[in-house]
Amino acid sequence: MSVRRRRLIARVGSKIASTRADRLLFPLLTAASLASILLAYFYRQIEAALKPTQPAAQEQPAADIIARRVSKAPVSDPESPVWKDTPAYSVSLYDQSIVRPLKTARPNQPITVKAVYDDEWIVFRLSFRSEKPSKRSVKVAEFRDACAVLLARHPAAPEARFMGTADNPATILHWKADWQLDVEEGFQDLENAFPNVTADYYPPLKGVVVDGKPPKTVDVANKAVMYFPALNAGNPLSEPIKKTPVEKLIGRGPGTLATLPAQDASGWGLWRDGSWHVVLAKRLKATDSAQGEIDVEPGKLYACAFSVWFGSEGDRGSRKNPSMLLTLLLQ
Amino acid sequence: MPKVYNWQIGREMEYWYEAARPKRQAGAVFDTNKCIACQTCTVACKTTWTSGKGQEYMYWNNVETKPWGSYPLAWDVKILDMLGPQRWVKEGDKYVYRGLTLFEAAPPSERVLGYLPNDLDYAYPNRGEDETNEPLNFDRFYLRVPHDIWFFYLPRICNHCTYPACLAACPRFAIYKRPEDGIVLVDQLRCRGYRECVKACPYKKVFYNHVTRVSEKCILCYPAVEKGLWPRCMRTCIGKIRMFGYINPPENADPENPLDFLIHVKKVALPLLPQLGLEPNVYYVPPIHVRNIDFLRMLFGPGVEHAIQTYRKAMSGRDIELVAALVLNVSTDRIMTKFKVVGNSEVAGYDENGHEVVRVPLKEPTIVRPFFDERLQTYRHNIT
């Protein structure tokens, strides 16, 4: 503080402004002080506006799985080069010990999860050991390999990993090895499982049995739909002509799983050297939002979980190995 | 697990859900003494419901020869072997099952004790057909009752159990028991082919469709039942062994209802493997000619000796009312809820509106025609 200013203040403090000069000087000094403060403030504003922008250290929420943004996400290609540059996350699978029937055994090795997204799709790639791939479920005791991705709002209750909850529905992408075989090689019919099958007559289908062999289901299903009860009821599992091996479902807790109307999920599985590498994809923008399908947006956190069914171990339904509930971030 | 009362085993037992008995329970009585294994029931069902592709191996209705026959293979001995030795105890004037039911014996990870058959198990529907319990030889006199050497036919359909194991086992509620008539159905839209029901049903009457890849079962011809008509397998029965209708629990038994009369009043019709705990609703009049009473006890429970004695007494003409209820078998295809003996010579059956739907003689008249017909100037081979 300058000597002059100290004197001035001393004068203001010690003597009540008694002289005329003093009475003029005090408001003048106050106005000058205010003006200097305002000038300093504006100077800083102008300086900030003129300076080149510094990249702000954005705070990203921590996530267990981070989906990398790519220009074109490989929605049905487990061998795409995109996957080579994508970080891999090791995810442990556990026993299913909540909903009976349980699966008490758990796999020895964790699965590997990768995730990417583009403007339209989010795609996951799951890799898991399956020494003996099970690709069919035609016979009574045959069960197919399968895997699934579960997505729900974050934060989610821990029980949401079992197909969501009533107030936080889970969007589930479910890849099935038998559906893929249906797409790849054509519908796995009765005669695929029982090559020596013979038939003499199917009531509504005169003349379709040639040389004692039954007709192909895909050729007769529409002509005799009443004789395929579940197909007649509209059950998507019974549809012999499959377009994708991935089913898009909604779950609001155990036992509530339901197929969504718009079956627009994508994916494909590749079995090589004792492991499945499966991609499962859904559109970022939900096509079944009225039914509870989740929208996925970059920069947001989501709850996610993964499950694997090992057909050779008789897995189906609740007999599965699920992961814990994890978090997913689209980078 | 909730506790439910199962009157067939005389005690409360554990079940997956709370008890919810239907308004009325559709059920049947099969008289094994009259079954000739003609398989007309099997064919009637097959041509009506399971003639599609993927259903070839399914027999919602089958007839197997006991003791050796079984479809699927060894269904009964397999589940009994898994359950292990159990016991009935006489407490007062009734038997109480003090062993474990399939629900109580289930491992901690399961809902029901069961097993999943494989394809070969379904490959021999006629295994053991007409085979006697022991090899026939000429040292044994078997033309007497009970027979030294024996077999009998056991027609089987879904039992539409009061406590269905299939329903309890389904983790996604795809199986339901209709409140109006107790018929147990698989929802063809909800089923996802997990086959938990196939595994759980001890009678193995839920089947996996190879083509639609979901499970199916006997629907008790509910479209007919809703119109007051009998299911196909029952109304086509050549041997007239079957009686279809509605069964009340014992505390509400109506002695005028032919099924209640046979099951609760006369106790001549018994459930199949009641010890499993499902309270099945198809009842059997046990075969009176089988010497091995232990085998019958295993199949039909501890009431089997009483049932056989009661049946034999009726057949010897000492119980007209029981004969009356039994001759109503397959006498009509209309569901009867009441019956009445008319003038000691006839029996009449009435539907739920009280309309008489059938009247049959207690004993068919016998007419003997002359061996030589004077008018036609020919001999007859069959004169009665």
Side-chain angles (χ1 to χ4, degrees), chain A residues 95-97 99-104 137-144 178 187-194 197-199 201-205 208 214-217 220-221 224-240 254-259 314-319, chain B residues 1 16 46-58 72 106-112 114-123 168-174 185-200 204 206-217 219:
Chain A
D95 49 333
Q96 194 288 102
S97 55
V99 180
R100 284 198 282 174
L102 314 178
K103 187 180 181 193
T104 51
S137 57
V138 177
K139 292 184 174 183
V140 176
E142 272 181 344
F143 298 96
R144 39 110 158 103
D178 64 331
F187 179 64
Q188 294 302 295
D189 220 327
L190 188 71
E191 47 275 24
N192 294 90
F194 304 96
V197 64
T198 58
Y201 181 48
Y202 291 97
L205 301 163
V208 294
K216 284 184 187 299
T217 297
V220 298
V225 72
M226 271 177 62
Y227 291 78
F228 300 93
L231 181 63
N232 196 26
N235 192 328
L237 279 96
S238 305
E239 176 54 61
T256 64
L257 200 62
T259 308
D315 287 2
R316 73 277 194 187
S318 61
R319 299 178 199 269
Chain B
M1 278 199 282
W16 191 253
K46 189 80 192 151
T47 54
T48 306
W49 299 116
T50 60
S51 53
K53 199 178 176 200
Q55 299 176 313
E56 290 82 351
Y57 81 104
M58 283 186 204
S109 61
E110 302 288 327
R111 299 184 182 200
V112 183
Y115 74 95
L116 191 66
N118 63 43
D119 296 293
L120 285 178
D121 290 336
Y122 292 105
C170 180
R172 58 180 277 101
F173 320 109
L185 298 175
V186 178
D187 184 335
Q188 291 294 293
L189 198 53
R190 275 200 70 76
C191 180
R192 293 183 72 83
Y194 297 159
R195 286 155 271 178
E196 298 292 354
C197 50
V198 181
K199 183 179 180 191
K204 296 296 171 238
V206 192
F207 300 89
Y208 181 64
N209 186 315
H210 296 306
V211 169
T212 63
R213 300 181 193 168
V214 301
S215 297
E216 298 171 2
K217 67 179 285 299
I219 59 170

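All values reported here derive from a predicted model rather than from experimental measurement. Letters A, B, ... mirror the listed sequences (proteins, then strands); counts begin at 1.
- Proximity to chain A is absent for every atom of Trp49(B), based on heavy atoms less than 4.5 angstrom apart.
- No salt bridge links Glu142(A) with Arg195(B); every basic N to acidic carboxylate O contact stays at or beyond 4.0 Å.
- Top candidate by heavy-atom pairs under 4.5 Å with chain A, chosen from Asn118(B), Leu116(B), Asp119(B), is Asp119(B).
- In this structure, the portion of Glu216(B) lying under 4.5 Å from any heavy atom of chain A is its side chain and not its backbone.
- Here OH of Tyr201(A) is found 10.5 Å from OG1 of Thr47(B). Values are rounded to the nearest 0.5 Å.
- The backbone N or O of Thr256(A) lies less than 3.5 Å from no partner atom in the side chain of Arg172(B), so there is not a single donor-acceptor pair.
- Contact of Leu257(A) with chain B is made through backbone and side chain together, with heavy-atom distances under 4.5 Å.
- Of the two parts of Tyr122(B), only the side chain, counted from C-beta on, holds a non-hydrogen atom closer than 4.5 Å to a non-hydrogen atom of chain A.
- One finds the CD atom of Gln96(A) at 10.5 Å from the OG atom of Ser109(B) (value rounded to the nearest 0.5 Å).
- In this structure, Tyr208(B) and Lys139(A) have side chains that are not in contact, with every pair of non-hydrogen atoms separated by 4.5 Å or more.
- Rounded to the nearest 0.5 Å, atoms CG (Leu231(A)) and CG (Leu189(B)) are 11.0 Å apart.
- A distance of 7.0 Å separates CD of Gln188(A) from CZ of Arg213(B), quoted to the nearest 0.5 Å.
- With a 4.5 Å cut-off on non-hydrogen atoms, Val99(A) touches chain B through its side chain but not through its backbone.
- No other option in Ser137(A), Ala141(A), Ala258(A) has as many heavy-atom pairs under 4.5 Å with chain B as Ser137(A).
- Residues Val211(B) and Pro240(A) have side chains not in contact (no heavy-atom distance under 4.5 Å, counting atoms from C-beta outward).
- Side chains of Tyr202(A) and Ser51(B) form no contact here, defined as non-hydrogen atoms less than 4.5 Å apart.
- The shortest distance between side-chain heavy atoms of Asn235(A) and Val214(B) falls below 4.5 Å.
- Annotation: side chain of Pro229(A) is in contact with side chain of Gln55(B) (closest heavy-atom distance under 4.5 Å).
- Residues His210(B) and Val140(A) form a side-chain contact, since some pair of their non-hydrogen atoms from C-beta on lies under 4.5 Å apart.
- Contact of Thr104(A) with chain B is made through the side chain alone, with heavy-atom distances under 4.5 Å.
- In this structure the side chain of Asp189(A) reaches within 4.5 angstrom of the side chain of Lys53(B), judged on heavy atoms.
- In this structure, the side chain of Arg100(A) does not engage the main chain of Arg111(B) through any donor-acceptor pair within 3.5 Å.
- In terms of heavy-atom proximity, Phe143(A) sits nearest to Tyr194(B) at CE2-O, 3.7 Å.
- Looking at Arg192(B) and Arg316(A), their side chains never come closer than 4.5 Å, going by heavy atoms from C-beta outward.
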